[in-house]
*Asks:* 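This is the structure, below, for whatever I ask next.
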There are 2 protein chains.
Amino acid sequence: MPKPNHKEALLDAGLAAFHHRGYHATGVQEIVSSAGVPKGSFYSHFESKDALGLAALARYWEDRAKARALLRDAGLPGLERLDRYLAALGYSEDGCLIGNLTAELAQLDAFRQDLSRLWRQWTDALSQCLADGQRDGSVRTDVPATELARTVLALWEGAVLSAKVERSPKPLNMARRTLRHLLAP
Amino acid sequence: MPKPNHKEALLDAGLAAFHHRGYHATGVQEIVSSAGVPKGSFYSHFESKDALGLAALARYWEDRAKARALLRDAGLPGLERLDRYLAALGYSEDGCLIGNLTAELAQLDAFRQDLSRLWRQWTDALSQCLADGQRDGSVRTDVPATELARTVLALWEGAVLSAKVERSPKPLNMARRTLRHLLAP
DNA sequence: GAGACTAAGACGACCGGTCGTATTTACGAT
DNA sequence: ATCGTAAATACGACCGGTCGTCTTAGTCTC
């Protein structure tokens with residue numbers, strides 16, 4: 001049984017490096033050095049670099065499960081939940097790993113399915129929140145919740161990209177304002 | 001004087017490869033093979049791979065100048081111009097080179113400035129069209145044209161990313177519908 | 001012949017991954 | 001509980017290949 005902290009260290013280091021530098025610009029050597037794990041051990045923990053990449057995506061998604069819980073907070077109207085969720089996601093200079101790797105890797109067979117599933121999961125989570133909002137009256141009802149969710153996600157990811165190149169959280173604030181206006185009844 | 005078609009061939013091949021596979025996943029060898037140019041000649045035409053990357057971005061932007069002319073079509077209301085422009089941009093399985101390379105390369109000194117400038121130019125072009133729309137009454141006036149332009153661009157880029165992972169133009173159609181609703185007075 | 005240009009192949013660094021050996025763990029017998 | 005052995009795991013050194021770039025020989029033009 002390998003030491004659990006080696007795998008975790010590799011996962012942490014991989015996630016950080018892929019997020020900051022991108023997937024193909026990051027080598028296995030760099031990850032193992034950063035994780036303080038001998039390179040020969042890498043393949044005891046991950047079958048391949050691709051496997052680590054997929055694991056990093058899954059970890060990134062799971063790391064934001066707490067923020068996603070805000071989308072299900074029954075004590076708030078739907079629109080307010082959404083806004084709190086986006087505020088909780090917040091700004092990062094490196095942007096969003098899912099968006100970044102979608103741009104870089106969506107055309108690769110090894111990644112497309114997982115990326116596609118993440119987008120779907122994300123859309124579903126947003127959609128359920130917005131459907132609740134439609135029931136509680138905080139969200140417009142003339143467009144299906146699913147389409148609204150797709151719009152939210154697209155605008156958010158575009159804003160994150162803009163924030164990345166601008167090195168500023170302003171586009172995220174703009175997106176939140178716009179969404180309040182767009183989604184209100 | 002190098003043959004002009006070699007440089008063009010390299011630029012075309014580089015643009016296509018960077019767009020389809022991403023920057024770091026594309027090697028100089030692949031580009032020269034695709035362009036039918038000897039590898040040793042590459043550096044007679046481009047100082048470095050980075051230089052080609054930057055040239056490819058500029059080319060991509062220039063290739064869409066014709067579509068951008070639609071934004072300035074004085075015969076149409078501003079909102080209609082915008083929609084025609086987005087329709088003219090259309091769907092591509094590879095997404096948008098500017099968006100893709102922003103995600104992949106915005107953190108690199110060699111690329112940030114050019115990417116940032118492209119986003120600014122794009123935003124300015126959209127902003128002028130929307131300001132015209134505010135004057136002609138086709139676009140809402142309660143939000144400055146610049147902020148609307150940023151929103152348009154963010155939503156579009158996010159939708160392009162979504163379209164890339166979905167392999168479908170549907171997100172782009174959604175974005176156009178949403179923008180009509182969002183921008184109308 | 002001189003200078004400019006072209007381009008084949010070499011360069012050092014890096015790539016993801018493999019493999020033989022060393023180390024650790026697990027298990028059965030005593 | 002201890003020990004010997006087998007199995008599993010870890011990992012240092014290595015693999016063949018690719019990377020972007022450069023060097024230098026060859027070619028062309030004046």
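Lettering of chains follows the sequences in order, A, B, ..., and the numbering in each one begins at 1. The structure presented is a predicted model; accordingly, all values stated were derived computationally and were not measured.
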*Asks:* B:Tyr43 has a side chain; which of C:dG17, D:dC22, C:dT6 sits nearest to it?
*Replies:*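 Per side-chain heavy atoms of B:Tyr43, the pick is D:dC22.
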*Asks:* Strictly by salt bridge (Lys or Arg N to Asp or Glu O under 4.0 Å), give each pair with a member in residues 172-185 of chain B just once, sequence neighbours left out.
*Replies:*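 Sorted pair list: A:Glu147-B:Arg177, B:Glu80-B:Arg180, B:Asp83-B:Arg176, B:Asp83-B:Arg180.
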*Asks:* Counting only non-hydrogen atoms, which of residues 19-42 of chain A are less than 4.0 Å from DNA chain D?
*Replies:*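 Under 4.0 Å from DNA chain D: A:Pro38, A:Gly40, A:Ser41.
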*Asks:* Measure from NE2 on B:His45 to P on C:dC5 and round the result to the nearest Å.
*Replies:*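 The distance from NE2 of B:His45 to P of C:dC5 comes to 12 Å, rounded to the nearest Å.
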*Asks:* Would you mind reading off the distance between B:Lys49 atom NZ and D:dT18 atom C1', rounded to a whole angstrom?
*Replies:*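 That distance rounds to 11 Å.
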*Asks:* To the nearest Å, give me how far apart CZ (B:Phe46) and C1' (C:dA7) are.
*Replies:*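 B:Phe46 atom CZ is separated from C:dA7 atom C1' by 17 Å.
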*Asks:* Taking only residues two or more places apart in sequence or in another chain, which ones pass side-chain contact (heavy atoms from CB on, under 4.5 Å) with A:Leu54?
*Replies:*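 So A:Leu54 forms a side-chain contact (heavy atoms from CB on, under 4.5 Å) with A:Phe111, A:Asp114.
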*Asks:* Just how far, in rounded Å, is C1' of C:dT6 from NE2 of B:His6?
*Replies:*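 It is 10 Å, rounded to the nearest whole Å.
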*Asks:* Tell me whether A:Lys7 contacts the main-chain N or O of A:Ser44 through its side chain, where contact means a donor paired with an acceptor under 3.5 Å.
*Replies:*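 Side chain of A:Lys7 to backbone of A:Ser44, a donor-acceptor pair under 3.5 Å: no, none is there.
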*Asks:* List, one per line, each side-chain donor-acceptor pair under 3.5 Å for residues 60-67 of chain B, sequence neighbours excluded.
*Replies:*
from	atom 1	to	atom 2	distance (Å)
B:Tyr60	OH	B:Leu97	N	3.3
B:Arg64	NH1	B:Tyr60	O	3.1

*Asks:* Whole angstroms only, please: what is the CD-P distance between A:Glu47 and C:dG17?
*Replies:*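 A:Glu47 atom CD is separated from C:dG17 atom P by 9 Å.
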*Asks:* Taking only N and O in the side chain of A:Ser44, is any of them less than 4.0 Å away from OP1 or OP2 of D:dA10?
*Replies:*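 Affirmative; the distance criterion is met.
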*Asks:* With sequence neighbours excluded, what pairs up with B:Arg112 under the side-chain contact (heavy atoms from CB on, under 4.5 Å) test?
*Replies:*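 B:Arg112 satisfies side-chain contact (heavy atoms from CB on, under 4.5 Å) with A:Arg167, B:Gln107 once adjacent residues are dropped.
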*Asks:* For residues 21-33 of chain A, which residue pairs pass the salt bridge (Lys or Arg N to Asp or Glu O under 4.0 Å) check, not counting sequence neighbours?
*Replies:*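 Listed by first then second residue: A:Arg21-A:Glu30.
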